[in-house]
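Hydrogens, waters and symmetry mates play no part in the numbers below; they use all other heavy atoms, side chains included.
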Amino acid sequence: MSGFAAVDVIRAKRDGGTLSDEQIDWVVDAYTHGVVAEEQMSALAMAIFLRGMTSAEISRWTHAMIASGERLSLDVSRPTVDKHSTGGVGDKITLPLAPLVAACGAAVPQLSGRGLGHTGGTLDKLESIPGWRASLSTSEIQAQLNDVGAVVCAATSGLAPADKKLYALRDVTSTVESIPLIASSIMSKKIAEGASGLVLDVKFGSGAFMKTLSQARELASTLTSIGRDHGVPTTALLTDMNVPLGRAVGNAVEVAESVDVLKGGGPADVVELTLALAREMLALAGISTDPAAVLASGEAYETWCRMIAAQGGDPSAPLPTPSHVHTVVAPASGVLASLDAYAVGVAAWRLGAGRARKEDPVQAAAGVLCLAKPGDTVSEGEPLLELHTDTPDAVPAALEALEGGFTVAAAASAPEPIVRETIRGQL
């Protein structure tokens, strides 16, 4: 493919123009192969950030990123369906959801990522299980889907390599918060995975990348449109991320909470969202099984154990525990009126549960346990939060993050529903 110059593509978008299919195909391919330089793609990313893209441009940009690598062709006897979350605090839903949907009869090829900043990463959480490994070959993924029905692992290196390069570039050029670039990044990887249906958990609020419901709605609409254009039925749930999801925020603590859910317990909000997403996934897969009944039966927990063991993990092994625990107590008696997801997420990150750069290590045992949630009655001096870490020197920075992050009042307003809206993309 030839006949284009990077500077012409940059200028066209800088001036508010619409890029042609041929321009998009060329610039993504050329960037993937090093023909377009990093500084040129940086300029184009900023032009896209400032000028936006039409729906047709976004769809074609997604197509070009998929075409930059391989597309998994899953030879699986069950209907395949996947889920993606835009990221939040305490968002461990993939852990109980994948085995639950598999126990209902679908195949779930869940290729996941690591955490960056205040949002946790699914692979970081699972790596707190002794022996568990994230990297699988395509043949291992397919074999596990046929045998167990669910796999949660790292994306293979051949999937959407253009996205890997562009994602890292956006992170250092302040162009992350661009809906065209976010949507094409998510969907290029998910469509390349080869699932026949996709459910998206698009979060909004203080702990999410989309801060308002309207922003989340715009992103969800863009994502479902891309799915439609590429022949993948896609449903998006818009969910509240102003308060941490569940009571555990971190790595091992979130695994433990997920196991509680799979055993029939766990926090009500985690169970509610797990079942809501499961119902949408099963609907796309054409399966009428009630996920609540399967969860109550214990079959999902059995599938979890098989899924973890298939990837070298020991589902019965004790999870890592922190060497240091610091307790935050209620400053007064009353009702916990608010608990800010972002504040808790940053505290967990500073305790060692997250990373500032992709290459940073994380602590398996670090995190925050929310001993009270909004609406709970508390007494002065009663424990509200437990800060877990292997580096006690990190506690002051975590406490600083929590300043103003919760309030105790005489009463609390009625809780908002977790799932606010559902957007279904029609093929």
Side-chain angles (χ1 to χ4, degrees), residues 82-102 108 110-136 150-155 201 203 207-208 241 244-263 266-267 269-271 273-274 277 300-301 303-305 307-322 341 344-356 358 360-370 386-390:
D82 193 11
K83 166 260 182 186
H84 176 79
S85 168
T86 57
V89 177
D91 182 12
K92 73 280 296 174
I93 298 297
T94 290
L95 278 62
L97 180 65
L100 172 59
V101 174
V108 185
Q110 181 75 57
L111 306 192
S112 297
R114 302 188 183 279
L116 195 63
H118 74 279
T119 59
T122 299
L123 300 182
D124 297 327
K125 296 166 191 178
L126 286 168
E127 283 181 338
S128 65
I129 301 171
W132 187 87
R133 63 188 179 98
S135 297
L136 300 179
V151 60
V152 182
C153 65
D201 181 359
K203 298 191 177 297
M241 186 34 71
L245 194 54
R247 294 181 179 271
V249 180
N251 296 312
V253 288
E254 291 197 38
V255 173
E257 187 165 87
S258 300
V259 170
D260 286 344
V261 171
L262 287 162
K263 288 183 174 180
D269 57 348
V270 177
V271 175
L273 185 52
T274 299
L277 290 164
Y301 175 66
T303 302
W304 159 267
C305 292
M307 182 182 80
I308 296 302
Q311 291 173 241
D314 181 355
S316 63
L319 292 166
T321 55
V344 174
V346 172
W349 171 22
R350 291 180 176 177
L351 291 166
R355 54 173 63 81
K358 292 193 304 261
D360 291 345
V362 297
Q363 294 178 27
V368 177
L369 274 183
C370 305
E386 279 185 3
L387 311 186
H388 293 191
T389 186
D390 292 328

Exercise. From Ser85 OG over to Lys92 NZ, what is the distance, rounded to the nearest 0.5 angstrom?
Worked result: 11.5 Å
Exercise. Which heavy-atom pair separates Val152 from Trp132 by the least distance, and what is that distance?
Worked result: O-CZ2, 3.1 Å
Exercise. Taking the side chain as C-beta and beyond, is there a heavy-atom pair between Glu127 and Asn251 under 4.5 Å?
Worked result: no
Exercise. So, does Asp91 use its side chain to make a donor-acceptor pair with the main chain of Leu245 at under 3.5 Å?
Worked result: no
Problem set entry | Member of Ile93, Leu95, Thr94 meeting the side-chain contact (heavy atoms from CB on, under 4.5 Å) criterion with Leu97 | Ile93
Exercise. Is a side-chain donor or acceptor of Thr86 paired with a backbone partner of Lys203 at a separation under 3.5 angstrom?
Worked result: yes
Exercise. If every non-hydrogen atom of Ile308 is compared with every non-hydrogen atom of Asp314, which pair is closest and at what distance?
Worked result: CG2-N, 4.2 Å
Seminar exercise, completed: Heavy-atom nearest pair, Ala365 first then Pro322, reads CB-N, 3.5 Å
Exercise. Under 3.5 Å, is there a donor-acceptor pair between the side chain of Arg247 and the main chain of Cys370?
Worked result: yes
Seminar exercise, completed: Value for OG (Ser135) from CG (Leu123), rounded to nearest 0.5 Å, stands at 8.5 Å
Problem set entry | Gln110 side chain vs Ala150 backbone, donor-acceptor pair below 3.5 Å | no
For this session: Quick one: closest heavy-atom pair of Val253 and Ala248, and the distance?
Result: O-CB, 3.3 Å
For this session: Determine, step by step, whether Gln363 and Thr389 satisfy the side-chain contact (heavy atoms from CB on, under 4.5 Å) criterion, reporting the C-alpha distance in whole Å, the side-chain angles of both residues, the deciding distance to 0.1 Å, and the verdict.
Result: CA-CA 8 Å; Gln363 294 178 27; Thr389 186; 3.5 Å; yes
Exercise. Considering only heavy atoms from C-beta outward, does the side chain of Val108 approach that of Lys83 to under 4.5 Å?
Worked result: no
Exercise. Is the backbone N or O of Leu136 less than 3.5 Å from a side-chain atom of Gln311, with the two atoms forming a donor-acceptor pair by type?
Worked result: no
Problem set entry | Nearest heavy-atom neighbours spanning Gly354 and Trp349 | C-CD1, 3.4 Å
Problem set entry | Spacing of Leu319 atom CG and Lys125 atom NZ [to the nearest 0.5 Å] | 14.0 Å
Problem set entry | Distance (rounded to the nearest 0.5 Å) between Leu387 CG and Arg350 CZ | 12.5 Å
Exercise. So which heavy atom on Val89 is nearest to which on Met241, and how close?
Worked result: N-SD, 3.3 Å
Exercise. Is there a donor-acceptor pair closer than 3.5 Å between any side-chain N or O of Lys263 and the backbone N or O of Val261?
Worked result: no
